[in-house]
Every structure is written in structure tokens, then in C-alpha cells.
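Everything quoted here is computed from the prediction, not taken from an experiment. Keep in mind that the numbers below use all heavy atoms, side chains included, and drop hydrogens, waters and symmetry copies.
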Amino acid sequence: MIRAIRAEWTKLMSVRSTAVALLAAVALTVLIGYLAAQGGHGNANDAPRTVDHFSFVHRELTGDGSVTARVARQQDSAPWAKSGVVIKASTASGSSYVALMVTPDHGVRMLADAETEVTGGGDTNAPVWLRLTRSGRDVTGYESADGRTWRKVGTLTARALPDKAQAGLFVASHGRNHERLAGPGNILGGFRPTTGRAVFDHVALAPAGALVADDWRLTDVAEAPVTVGPPVEIRTASEDPGTLRRAGGVFTVTGSGDLGRVGLAGVGSELHGFDRVKNSLSGTEFGLIAVIALGVLAMTAEYRTGTIRTTFSASPHRARVLAAKAVVLAGTVFAAGLAAGVTALLLTRPIQRRNGMGPPLFPDPSLGDPTVLRAVVGTAATMALIALFSLGVGVLLRRTAGAVILLFALFLVVPIVAQVSSIGVNTWVNRATPIAGLAVRQTIHQLGDAISPLGGLAVLCGYTAVALGAAFWVQGRRDA
């Protein structure tokens, strides 16, 4: 087998069209990715960097002390809805604070002045006990499952907490991006505020001071709505005020808005819909033109020139010859695809940043990120699989023109027709045909995604296995 692989490697590399096809595959992938990055512009990063808008049930806390409460129930109004305890310089939006909160999807978080974030229990949900203890400008957060055994979350320093601060409960719920498919690739939607709801009990402030009936007050910590040029409008909160209903020691609070900074505590997560990695790798479809041609010619060129008889005379085991071709072809195309993917990612990253599609809302993709690495390596694997699929079709048809026309129609024409037909047809094509393999480039789930990245790769593997299996069967049963 090793000798057969060496022979196929020598044949493949001795043909001038091999180097041309590999170079074209890399060049087209990188060039189209570069052009796609140049054409992508956004202004979402021009939105407010910090957000301080929530319902605040509070009392005055003089000097050092603590505020404790159990979040008994929390409505799942948004993935990053926030309910918890906070010590704040005043009720004015933008004043210094330290907050400890629980979220429906992201556990317990501690935040200071939209500058520093600490993660608590990653899988913790309500009910959970929360406590903030102040010592000067330093505030320590604790969480507990039962109110007896406490775990320290962290200690953060507030920018400016006066001797007389406000402490208590808060509820915030960020806006959500509601989207719908109006047609293949045409997503319509809008950014709508949500309203959160939380039930607190076992609320305590120490030192308590003199208690009066209306000691706890509800204030909407509010900021002016901001519009950042069309089409980005940032509405962090509903226009409806928050509410407080109290029954003995149980507080039911509703509120809207958010607390934090873009890129911190989930702020801006609903606007992060641009897949930078997929944009960088958008030239893959064009690189496939060269990959398909190379895969077909790997076999049909020998049929056309008659050298296939010499090959089978030197190595009568036909299955071994085809297996060696497949190994050499897949390895060569995978290496070229990997080089193209890494180059495209590194080349387009600064362009995307200049065009407004960079941090903090759109983090820079890094090959150290497993999701990004999966997309890049998976794209190279997809190109190698399509080369093998083309090899199988070439064996079955034996004619270069027929095989190339059939494959170009499948990988280039059919997707274009599907995009201008209907949502159902487009979804089916991208889910149930070999095109599904290109889904491996996705690193962010979007409404129009027809299939998961690994699911799409599995579909392509199935088609490739069938094509190669048929090629092995047919080649062993017909004349050269």
C-alpha cells in the first residue's frame, strides 16, 4: 500500500494541472474572503458602551454593612436577565455600584461599575441566596444554596461609594432581537425590550437602622434612549416603569433594561449576529471549483490518455490503486484548504475591525478558540471530502466533461437556484445535499442556518462514502 501511495503521489505531483488547481483553490478562497470582508460594514459598536438601567428597590446604607436576599423565583424573560442585590452610590444612572446577580442562562455574576466581572456558580439558577458586604469601597459577594453555608464569589472595588449609599434589590431584563425569515437568506427583525420579574424573600440590610413603613422604595434607574444612526437603535428598556408588590417579607419586582458594558455581563449579546469566521471563509464555494476539477481529473485523466492500463498492469489490485489515489488526493487538498483557511482568517481580521465588525461586540476570532479551530479545520476537511466525492464521480462517469458539469451543477448552480426559490427548497438543499458540508464554517447560530456544523459535515461524509463505495465496486467489475 505504501508503494501505491508513493506512485500516486508522484503521478499527481508530476501533472502541471495539480499545482495550478491547488494554487487556484487557495487563491480563490482567500481572494473572495478578502472581498467579502471589504464589503461588510456595521455600526453596532457605536452603541452605548455602558448600560445602567433597571428597577431598584432600596434603602440607605450608611458606612460599612451588608445586604442579603434570596432570589426565590426568576422569570426567564431573556438569557441575560438579571436579578439580585446591589450597593450603589445613588439612584442616578451612571453612579458607582457593585452588583451580585443571578441570570437564567449564565449563573451567578458579580459586577462593579461596568468595568470588572466575576463569575460565580456557572450553573446556578433561582432559588439562590445572595449577599454583598461592604468595607469602604471594597465589596465582597457571597452565594448560598441554603442561607447557612456561603461561598465567596469575589471582592471588587467600586469607583466611588460615598459614606451614605443606597442598597437593595434590582431587576433588569435586556432587549431581544426578534427575527423571521422573509425568504431564502432574507432575515427581518427588530430589537424589542423585555420585562423581567423576580420574587425575593429573606431580605435583610445590616445595620438595619430605624425601620419605618415605607423604608423600602422603588426607583427606576433610567437613562435616555439612544439612537445610533440608521439602522441601529438601542432600546435597553421598556417604556413601562418597574413595579413593586410587597406581601410581608416577600418582594415581587418587575423591571426592564440592563446593567454592564458591551462585551461584559452579556450586554450586546443580542446584537452579535455577524459570523466573522464564516465571513472570512466565504470564498470556500469558489475554491471548490478548482477542488472539483482536481478530484475528477485524478482519475479521468488516466482514462482519457489510456495510462490507466499501465497503472493496473503495474498494480493489478484495483481497489488498492483507488485507495492510494484517495489518500493522496485527500491529504493534498486538506493541506491546501487548511493553508487557505488560516490565511483568509488572518488576512480578513483587521479589515473586519476597520469596517466596524470588531471588538467589543464582535470579538476577534482566534485559532486558540475551539469553535474557530473547528470551523477552519472543518472547512479544510470539507474541501478534502468534496475532492473525494469528485474522485468517485469521476470513476463512475470516466468522462471529465460530464463529471465536471454534473458536479458544478450540484455545488454551484443548485444552491443559487435554491436561494431564489423558496425557504423550504433552500433549507432542504442546504440540509440534505452535499452542500450541507459547508455548514461547518458556522461559529454563531443564526436563524437561516439549515443544519448544525457537525451535522452538515456528517451529511457530506455520507455522500462521499456512497460515491467512493460505488466507485470501488464499479472499478473492480469493468474493463480499464
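- Just one of Leu132, Leu61, Val139 meets the side-chain contact (heavy atoms from CB on, under 4.5 Å) condition when paired with Val67; it is Leu132.
- Neither side chain, Ser173 nor Ser256, offers a donor N or O lying under 3.5 Å from an acceptor on the other.
- Within the 3.5 Å criterion, the main-chain N or O of Leu100 finds no donor-acceptor partner in the side chain of Arg109.
- You'll find the side chain of Arg131 reaches within 4.5 Å of the side chain of Trp150, heavy atoms only.
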Passes side-chain contact (heavy atoms from CB on, under 4.5 Å), Val413 versus Phe408? Steps please. CA-CA 7 Å; Val413 178; Phe408 279 6; 5.8 Å; no

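- The main-chain N or O of Ser93 is never found under 3.5 Å from a side-chain atom of Asp52 such that the two would form a donor-acceptor pair.
- Donor-acceptor pairing under 3.5 Å is lacking for the side chains of Asp275 and Asn279.
- At a threshold of 4.5 Å between non-hydrogen side-chain atoms, the residues Met383 and Thr284 count as touching.
- Remark: the backbone N or O of Gly136 is paired with a side-chain donor or acceptor of Arg134 at under 3.5 angstrom.
- The ring of Trp129 has its center no closer than 6.0 angstrom to the ring center of Tyr142.
- Annotation: side chain of Leu373 is not in contact with side chain of Asp369 (no heavy-atom distance under 4.5 Å).
- The closest side-chain donor-acceptor pair between Trp216 and His58, if any, does not fall under 3.5 angstrom.
- Aromatic ring centres of Phe54 and Phe170 lie closer together than 6.0 Å.
- At least one donor-acceptor pair under 3.5 Å links the side chain of Asp220 to the backbone N or O of Gly242.
- Counting heavy-atom neighbours within 6.0 Å of Phe334 CZ, excluding the residue itself, gives a total above 12.
- Exactly one residue among Asn125, Val199, Thr252 makes a side-chain contact (heavy atoms from CB on, under 4.5 Å) with Arg73. That residue is Val199.
- For the residue pair Thr103/Lys82, the side-chain donor-acceptor check at 3.5 Å is not satisfied.
- Using the six-membered ring where Trp is involved, Phe389 and Tyr463 have ring planes that are perpendicular, over 60° apart on the 30 and 60° scheme.
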side-chain hydrogen bond (donor to acceptor under 3.5 Å, both in side chains) between Thr62 and Lys164, intermediate numbers included: CA-CA 4 Å; Thr62 302; Lys164 291 185 178 182; 5.5 Å; no

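- With a 4.5 Å cut-off on side-chain heavy atoms, Leu22 and Leu294 count as touching.
- In terms of modelled atom types and a separation under 3.5 Å, the side chain of Arg431 and the main chain of Asp449 share no donor-acceptor contact.
- A distance-only check finds no donor-acceptor pair linking the side chain of Glu117 to the backbone of Leu264 [under 3.5 Å].
- A 4.5 Å side-chain heavy-atom check between Leu345 and Ser280 finds at least one atom pair inside the cut-off.
- Open room surrounds CZ on Arg245; 12 or fewer heavy atoms of other groups in view lie less than 6.0 Å from it.
- Contact annotation: the side chain of Val128 never approaches that of Ser144 to less than 4.5 Å [non-hydrogen atoms, C-beta and beyond].
- Contact check for Phe56 versus Thr91: side-chain heavy atoms found under the 4.5 Å cut-off.
- Annotation: side chain to side chain contact (heavy atoms under 4.5 Å, CB included) contacts of Leu218 (sequence neighbours excluded): Ser55, Val57, Leu244.
- Residues that satisfy the side chain to side chain contact (heavy atoms under 4.5 Å, CB included) test with Ala24, not counting sequence neighbours, are Ala290.
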Working note: Gln74 + Ser83, criterion side-chain hydrogen bond (donor to acceptor under 3.5 Å, both in side chains); need CA distance, chi angles, decisive distance, verdict. CA-CA 7 Å; Gln74 180 185 35; Ser83 303; 3.2 Å; yes

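- In this structure, Arg441 contributes its side chain and Leu438 its backbone to a donor-acceptor pair below 3.5 Å.
- The local environment of CZ in Phe286 is sparse, with at most 12 non-hydrogen atoms from other residues, nucleotides or ligands closer than 6.0 Å.
- With a 4.5 Å cut-off on side-chain heavy atoms, Val85 and Thr68 do not count as touching.
- Looking at Arg159, its side chain never comes within 3.5 Å of a backbone N or O of Glu115 through a donor-acceptor pair.
- Within the 3.5 Å criterion, the main-chain N or O of Thr140 finds no donor-acceptor partner in the side chain of Thr155.
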Given the rule in the side-chain contact (heavy atoms from CB on, under 4.5 Å) test, do Thr254 and Arg197 qualify, once you have shown the distances and angles that lead to the verdict? CA-CA 4 Å; Thr254 65; Arg197 180 178 179 273; 3.9 Å; yes

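- Contact check on Arg276 versus Asp364 returns a salt bridge, with a Lys/Arg side-chain nitrogen under 4.0 Å from an Asp/Glu carboxylate oxygen.
- Judged purely by atom type and a 3.5 angstrom limit, Thr382 uses its side chain to pair as donor or acceptor with the backbone of Gly437.
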